[in-house]
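Computed from a prediction, not measured in an experiment: that's the story for all the values here.
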Amino acid sequence: MNRVIDIVDLNPKEIEECIQTALDIIKNPDKYAHVCEGKKLATLFFEPSTRTRMSFEAAMYELGGHVISMTDANTSSAAKGESVADTAKTVSCYADIIAIRHPKEGAAYVTAQNASIPVINAGDGGHCHPTQTTADLLTIYREKGGFDNLTIGLCGDLKFGRTVHSLINAMSRYKNIKFVLISPEELKLPSYVKKDVLQKNNIPYEQTTDLERAMPKLDVLYMTRVQRERFFNEEDYLRLKDSYILTPQKMKYARDDMIVMHPLPRVNEISVEVDTDPRACYFKQVLNGKYMRMALILKLLKEAGRI
Amino acid sequence: MNIDSIQNGIVIDHISAGKGMLLYKLLKLDETDVSVALIKNVTSKKLEKKDIIKIDADIPVDLNVIGYVDPEATVNIIKDGNLVEKKVIGLPEKLTDVLICKNPRCISQTEQEIHHVFRLTDKENRVYRCIYCETKAE
């Protein structure tokens, strides 16, 4: 394997392997502190990102490696009209592994096709964001003890939310999974995801607009932000952005062992009062994301014979 | 209507009536200077009506395009006036530079010199998706 473009590039066995590596990193950080010494991660971020970029950088530093960056796409070769393919070939001469974020869907795939070093997709437009999903999976694994027998509520923007699509893809491979899809009519899960993933794998699901009524059934509530950048029309964004706001009042409907997740950043869809609720796991997700990125960097560098 | 037999080239037969012109265009036969005949609505025992394309020259033809437009069409290879090979292409697994992705957010819309590639993802419903952004072909 020399690329992780989509979460399904990792089969359940490889996910399990990364989770076990991440758990070992958490337990024995010193064991991993120098494994990537002398190796360089190139972070190519063609659109703004705070947490994903810093998470990748922190991950590489904690493995003892270095990071080289393209800090601003507006002042880089991309602004001069260089293709993604040429950037990939060029960066392959400098680094050992690439993490790329790009606003165009499929940009990470083009990078992987043209790079001679491993490539990790750090988000390609509204398409895929596999390392967010690995963070989600480690969080579910650590908080719920595994992936089987879970009812997962997905709430908010299920139409454009790439993390939602990836999580559905990843979780559909486990036993006795149910989904509750909570969204306004305009932001419902696309029919191709329902058909190609849920119906194809006989995964039970229900669609609702009512968060409160769905809450008592859930083991996991995955909240999402309505993303301004995914709308062509500002009016639609303004009308839909406050569809769901999770408050302590609404949390009363949830079971004591339900967990609340969110890929972050949040705007106002989870009120800050919920942060102190022990069921709120979204900042744990951030930390888990770093560990899983460490595990992925290790896996890809090992398989490429670079460490 | 009589169209002469060809000596060396390809006859694409059993094209569903009405799809001949689309195939003619997708094979870019309008850009060649060889002799090509597109015959529409020919009476057929098998299909009642069919289209036929005869290309009277040994030029490269993307067989995947034929399979995409009509997987039931037959391709007859003619050499020295004789039929040397007859095949049904079926639905191709991959199409390169036949379709263009319509998703304005797809990298194929902006990247220079990129091949437009679609992969068959649902054989039963003949669904092709862009390999970059997974948008369904229209």
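The main-chain N or O of A:His127 is never found under 3.5 Å from a side-chain atom of B:Glu134 such that the two would form a donor-acceptor pair.
Interface check for chain A: of the options B:Glu111, B:Gln112, B:Lys136, B:Glu113, the most heavy-atom pairs under 4.5 Å are formed by B:Glu111.
Note that CG of A:Asp124 and CZ of B:Arg105 are 12.5 Å apart. Values are rounded to the nearest 0.5 Å. Distance check, rounded to the nearest 0.5 Å: CD of B:Gln109 to NZ of A:Lys104 gives 6.5 Å. Atom OH of A:Tyr109 is separated from atom SG of B:Cys106 by 11.5 Å, given to the nearest 0.5 angstrom.
Counting heavy-atom neighbours within 6.0 Å of A:Lys178 NZ, excluding the residue itself, gives a total of 12 or less. At most 12 non-hydrogen atoms from other residues, nucleotides or ligands lie less than 6.0 angstrom from CE of A:Met54. The number of heavy-atom neighbours closer than 6.0 Å to NZ of B:Lys54, taken from other residues, nucleotides and ligands shown, is above 12.
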For residues 27-39 of chain B, tabulate all N or O donor-acceptor pairs below 3.5 Å that involve a side-chain atom, not counting sequence neighbours.
from    : atom 1 : to      : atom 2 : distance (Å)
B:Thr32 : OG1    : B:Leu29 : O      : 2.9

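The pair B:Arg129-A:Asp196 meets the salt-bridge criterion, with a side-chain N (NZ, NE, NH1 or NH2) lying under 4.0 Å from an Asp/Glu carboxylate O.
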For this session: Show your working on side-chain contact (heavy atoms from CB on, under 4.5 Å) between B:Tyr132 and A:Gln113 and close with a plain yes or no.
Result: CA-CA 11 Å; B:Tyr132 305 107; A:Gln113 275 186 319; 3.9 Å; yes
For this session: Begin with the C-alpha distance, continue with both residues' side-chain angles, and end with the deciding distance and a verdict on side-chain contact (heavy atoms from CB on, under 4.5 Å) for B:Asn125 and A:Lys195.
Result: CA-CA 12 Å; B:Asn125 296 303; A:Lys195 190 164 171 284; 3.4 Å; yes
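Heavy atoms of B:Ile131 lying under 4.5 Å from chain A belong to its backbone as well as its side chain. Within the 4.5 angstrom heavy-atom criterion, no atom of B:Thr121 approaches chain A.
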